[in-house]
Amino acid sequence: ISVAGNFNKFLRDIGARKDTNCLTVKSSFDYQKQSLLYTSADFPTISDNSRILKIITMLSPLIESVDGGVFFLTTSHQALKSAYELLLAKFKGKRKILCQNGMLSNSQMLTKFKEDGRSILVGTSSFWAGVDVPGKALFLVNFLSSGAIFLSSSLSLVIIDKLPFDSPSEPIFKARCDLFDAKNKGKSNHFISICIPEAVIELRQGVGRLIRHEDDKGGLVICDPRLENKSFGKIFKKSLPDMRTYTLLGDFTDAVKKLIS
């Protein structure tokens with residue numbers, strides 16, 4: 001519930017005073033030893049219509065080199081469909097591809113995913129919120145629907161398509177932002193006070209799937225260049241666990257293989 005170390009959004013949401021005493025308790029996990037993070041300004045821009053194709057092409061060597069299951073995260077149904085079709089074409093005969101909203105129910109897909117051990121599952125937020133997956137697997141996740149499903153299969157890599165900002169055209173969210181701006185009259189704006197904090201908290205939900213136990217190890221990839229080339233990217237990075245960070249994909253791939261071997 002904190003953003004870059006402060007609780008301003010949470011205090012505002014619950015109507016508490018700004019000077020309310022807050023405490024951040026350090027995690028019991030040693031993220032420096034247990035986890036790795038890869039970000040890059042070389043990822044395709046958010047407006048690039050071919051970004052899912054470019055991401056899959058860019059990360060294919062990483063996916064191929066890491067043993068275990070694969071999960072793919074997007075923020076729209078269109079990207080979900082695109083990712084499934086592209087992964088099916090790329091890894092046909094190499095890995096089983098499972099996609100949410102297909103012929104199988106969520107529980108059936110999870111069973112298949114667990115039994116196979118090397119499947120690629122393209123799913124929605126019901127596969128990342130609350131998921132507990134110790135061990136070796138690769139996950140790409142989709143921020144679309146709510147829910148919490150618990151898995152016992154292994155996890156070694158989480159790949160997140162992009163920062164999960166809410167759609168500015170969504171009526172209720174737009175109304176909240178307009179009301180905030182009207183009340184604050186230039187003292188603050190909704191992007192800084194609402195959009196960024198809520199996206200940070202949503203992102204941390206997905207990131208939190210990687211390390212759930214003291215003996216878990218793995219890597220995280222966030223495929224959004226804004227982490228590196230936008231000023232607000234620093235807020236997101238400061239809000240993440242203290243992971244060892246890489247900006248060269250080859251170095252990251254080697255480090256992940258060594259970490260989980």
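Quick note: residue numbers are just sequence positions, from 1.
- Linking ILVMFWY residues whenever their side-chain heavy atoms come closer than 4.5 Å, directly or via other members, places Ile211 and Val200 in the same cluster.
- A heavy-atom distance below 4.5 Å is not found between the side chains of Asp116 and Leu98.
- Atom OG1 in Thr39 sits 13.5 Å away from atom CZ in Arg226 (nearest 0.5 Å).
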### Task
Could you please spell out the steps behind the side chain to side chain contact (heavy atoms under 4.5 Å, CB included) verdict for Leu240 and Leu203?
CA-CA 9 Å; Leu240 296 176; Leu203 178 66; 4.1 Å; yes
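- One distance of note links CZ of Phe43 with NZ of Lys162; it measures 14.0 Å at 0.5 Å rounding.
- Ile194 has its side chain within reach of Phe173: a pair of non-hydrogen atoms, C-beta onward, lies under 4.5 Å apart.
- Residues Lys90 and Leu86 are not in side-chain contact: their nearest non-hydrogen atoms beyond the backbone lie 4.5 Å or more apart.
- Minimum heavy-atom separation, Ser193 to Ser188: OG-OG, 2.6 Å.
- In this structure, Ser156 and Val66 approach most closely via the heavy-atom pair OG-CG1, 3.6 Å.
- No more than 12 heavy atoms of other residues, nucleotides or ligands sit less than 6.0 Å from atom CD1 of Ile172.
- Side-chain atoms of His77 and Asn101, non-hydrogen and from C-beta on, do get closer than 4.5 Å to each other.
- Between the side chain of Ser65 and the backbone N or O of Leu62, at least one donor-acceptor pair lies under 3.5 Å.
- Closest heavy-atom contact between Leu11 and Arg17: CD1-O, 3.7 Å.
- Note that CD1 of Ile260 and CG of Leu157 are 7.5 Å apart. Values are rounded to the nearest 0.5 Å.
- Remark: Asn229 engages no residue in a side chain to side chain donor-acceptor pair (under 3.5 Å) (not counting sequence neighbours).
- Between the side chain of Ser27 and the backbone N or O of Phe29 there is at least one donor-acceptor pair closer than 3.5 Å.
- Atom CG of Leu227 and atom NZ of Lys234 lie 12.5 Å apart (nearest 0.5 Å).
- If you chain together hydrophobic residues whose side chains sit under 4.5 Å apart, Ile201 and Leu163 fall into the same group.
- Ring orientation note: the planes of Phe232 and Phe165 are nearly perpendicular, at an angle over 60° on the 30°/60° scale.
- Residues Ile55 and Cys223 share a closest heavy-atom pair of CD1-CB, 3.7 Å.
- The shortest side-chain heavy-atom distance between Asn184 and Asn189 does not fall under the 4.5 Å cut-off.
- Under the 4.5 Å side-chain contact rule for hydrophobic residues, Ile192 and Phe180 do not share a cluster.
- Here the side chains of Glu64 and Lys94 are in contact, with some heavy-atom distance below 4.5 Å.
- Looking at heavy atoms from C-beta onward, Leu59 lies in side-chain contact with Leu249 at the 4.5 angstrom threshold.
- Hydrophobic clustering (ILVMFWY, side-chain heavy atoms < 4.5 Å, transitive): Ile159 and Leu259 are in one cluster.
- Every pair passing side-chain hydrogen bond (donor to acceptor under 3.5 Å, both in side chains) that includes a residue from residues 238-258 is listed here, sequence neighbours excluded: Gln32-Asp242.
- When all heavy atoms are compared, the tightest approach of Phe252 to Leu36 is CE1-CB, 3.7 Å.
- Put simply, NZ on Lys230 and CD1 on Ile46 are 10.5 Å apart, with the number rounded to the nearest 0.5 Å.
- Around NZ of Lys9, the count of heavy atoms belonging to other residues, nucleotides or ligands within 6.0 Å exceeds 12.
- Note on Ile160 and Ile235: same hydrophobic cluster, where clusters join Ile, Leu, Val, Met, Phe, Trp and Tyr whose side-chain heavy atoms are under 4.5 Å apart, directly or indirectly.
- Judged by distance alone, the side chain of Arg95 and the main-chain N or O of Arg118 form a donor-acceptor pair under 3.5 Å.
- Counting heavy atoms from C-beta on, the side chains of Cys195 and His190 come closer than 4.5 Å.
- The heavy-atom pair separating Val122 from Tyr84 by the smallest distance is CG2-CA, 4.2 Å.
- A distance of 12.0 Å separates CD1 of Ile52 from CD of Glu85, quoted to the nearest 0.5 Å.
- Counting only residues at least two apart or on different chains, the side-chain hydrogen bond (donor to acceptor under 3.5 Å, both in side chains) pairs with a member in residues 40-63 are Thr45-Ser47, Asp48-Lys54, Arg51-Asp161.
- Formation of a donor-acceptor pair under 3.5 Å by the Gln34 side chain with backbone atoms of Glu214 is found in this model.
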